[in-house]
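Encoded as structure tokens, the structure appears first; notes follow it.
A note on names: the letters A, B, ... follow the listed sequences, proteins ahead of strands, and every chain is numbered from 1.
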Amino acid sequence: MPRARFSKSSELTRSEKLRISHLRSRLLNWFVENGRDLPWRSPGASDYEKICVEVLLQRTRAETVAGMYRNFFAQFPSWNAIALAPVGELEGVLKPIGLWKRRARSIRALASYAAEHDGQFPSEPSELAQVPAVGQYVANAILLFQHGQPRPLVDINMARVIERYLRPRKLADIRHDPWLQEAAHWLVRCDEPVQVNWATLDFAALSCRTRNPLCQDCCLKKKCNFACNLHLE
DNA sequence: AAATCGGGGCT
DNA sequence: AGCCCAGATTT
């Protein structure tokens, strides 16, 4: 008997994989009608803008960032512009959206790295982990947007959608839960991973909200574990 | 694992 | 008034 048959090659059951594929299909369909129109998603947005905006989005509403997006990138049109600008100038633009001291450090660290590497970040996760201000989420964003890899933007929102639809994760920390990580990867493993990521984040923000989720009108309520449990009360 | 950064919006 | 928001870093 092959030993591989008993070893856990995948965290996901076949049933879970099928359900995730269904989830992906519904999210993409939902996205066509309900997706948000955000400035960093426009075709003209550069890799610089897409990566830099991820720092602006940390613990900050997308709408808040959208409001200062044009102003920010007009003042800092490139990694070099940030690297050459006085720190106080960068901090000043960041103050209205909060976390300005941390964000200024992070963005300047990224700009310094980019300035020395012609705007190119590593395409290997192990190397990305060594870049300052790059955690798991930003690493995935870089792999997704700059290198075209099908990586999931696993934040609390994507986690909530997957966990409600399938089941809660085991570990407290999203980044260290193997099952959740693999589920998220499986979700975006398709021909249009960017669309799936945006669809999931928008769906989480507009429909599958933390408080008062719109389960009544949800296109997933028939198969969603969370929604199904609601009707039992 | 828990605290911290932080201003603004929503309840 | 209190809670939450496209996380990463430090303790």
Practice task
Using the P atom as the reference point in each nucleotide, state the distance between dG6(B) and dT11(C) in Å, no decimals.
Solution key: 15 Å

Any donor and acceptor pair, going by atom type alone, linking the side chain of [X] with main-chain N or O of [Y] inside 3.5 Å?
X	Y	answer
R36(A)	A62(A)	no
H185(A)	P150(A)	no
K221(A)	Q216(A)	yes
R26(A)	C219(A)	yes

Exercise for the section: Considering only heavy atoms of chain A and a distance under 4.0 Å, specify the first and last nucleotide of DNA chain B in 5' to 3' order that meet this criterion. Expected result: dT4(B) to dG9(B)

Listed in order of residue number, which residues of [range] have a non-hydrogen atom at under 4.0 Å from DNA chain C?
range	value
residues 200-219 of chain A	L201(A), T210(A), R211(A)
residues 145-171 of chain A	D155(A), N157(A)
residues 120-138 of chain A	P132(A), A133(A), V134(A), G135(A), Q136(A), Y137(A), V138(A)

Give every donor-acceptor pair under 3.5 Å between a side-chain atom in residues 129-141 of chain A and any protein atom, sequence neighbours left out.
unit_1  : atom_1 : unit_2  : atom_2 : d
Q136(A) : NE2    : Q181(A) : OE1    : 3.0
N140(A) : OD1    : R151(A) : NE     : 3.0
N140(A) : OD1    : R151(A) : NH2    : 3.4
N140(A) : ND2    : Q136(A) : O      : 3.4
N140(A) : ND2    : P152(A) : O      : 3.1

With sequence neighbours excluded, what pairs up with [X] under the ring-ring contact (aromatic ring centres under 6.0 Å, His included) test?
X	answer
Y48(A)	F73(A), W79(A)
H117(A)	Y113(A)
F203(A)	W30(A)
W40(A)	Y69(A)

Would you mind classifying the nucleic acid contact of [X] as base, sugar-phosphate or nothing, using non-hydrogen atoms under 4.0 angstrom?
X	answer
L94(A)	nothing
T64(A)	nothing
R41(A)	base

Completion exercise
Walking DNA chain B from its 5' end, the first of D173(A) and I97(A) to be reached, judged by nearest nucleotide, is D173(A)

Listed pairs under 3.5 Å, donor-acceptor, residues 88-96 of chain A side chains, sequence neighbours left out:
unit_1 : atom_1 : unit_2 : atom_2 : d
E89(A) : OE2    : Q75(A) : NE2    : 3.1

What is the separation between atom [atom1] on [X] and atom [atom2] on [N], rounded to the nearest whole Å?
X	N	atom1	atom2	result
R59(A)	dC5(C)	CZ	P	6 Å
R175(A)	dA8(C)	CZ	P	7 Å
I107(A)	dA8(C)	CD1	P	13 Å
L56(A)	dG7(C)	CG	C1'	12 Å
K101(A)	dT9(C)	NZ	P	18 Å

Exercise for the section: Would you please name every residue forming a side chain to side chain donor-acceptor pair (under 3.5 Å) with W100(A), sequence neighbours left out? Expected result: none

Practice task
For R103(A) and T60(A), test the side chains for any donor-to-acceptor distance below 3.5 angstrom and give the result as yes or no.
Solution key: yes

Show the atom names and distances, to 0.1 Å, of all donor-acceptor pairs under 3.5 Å that link a side chain in residues 154-161 of chain A to residues at least two apart or in another chain.
unit_1  : atom_1 : unit_2  : atom_2 : d
D155(A) : OD1    : N157(A) : N      : 3.2
D155(A) : OD1    : M158(A) : N      : 3.0
D155(A) : OD2    : N157(A) : ND2    : 2.7
N157(A) : OD1    : R160(A) : NH2    : 3.2
R160(A) : NE     : C208(A) : O      : 2.8
R160(A) : NH1    : T210(A) : OG1    : 3.0
R160(A) : NH2    : A204(A) : O      : 3.0
R160(A) : NH2    : C208(A) : O      : 3.2

Practice task
Please determine if K170(A) forms a cation-pi arrangement with W179(A), meaning its NZ or CZ atom is less than 6.0 Å from the six-membered ring centre and no more than 45° off the ring axis.
Solution key: no

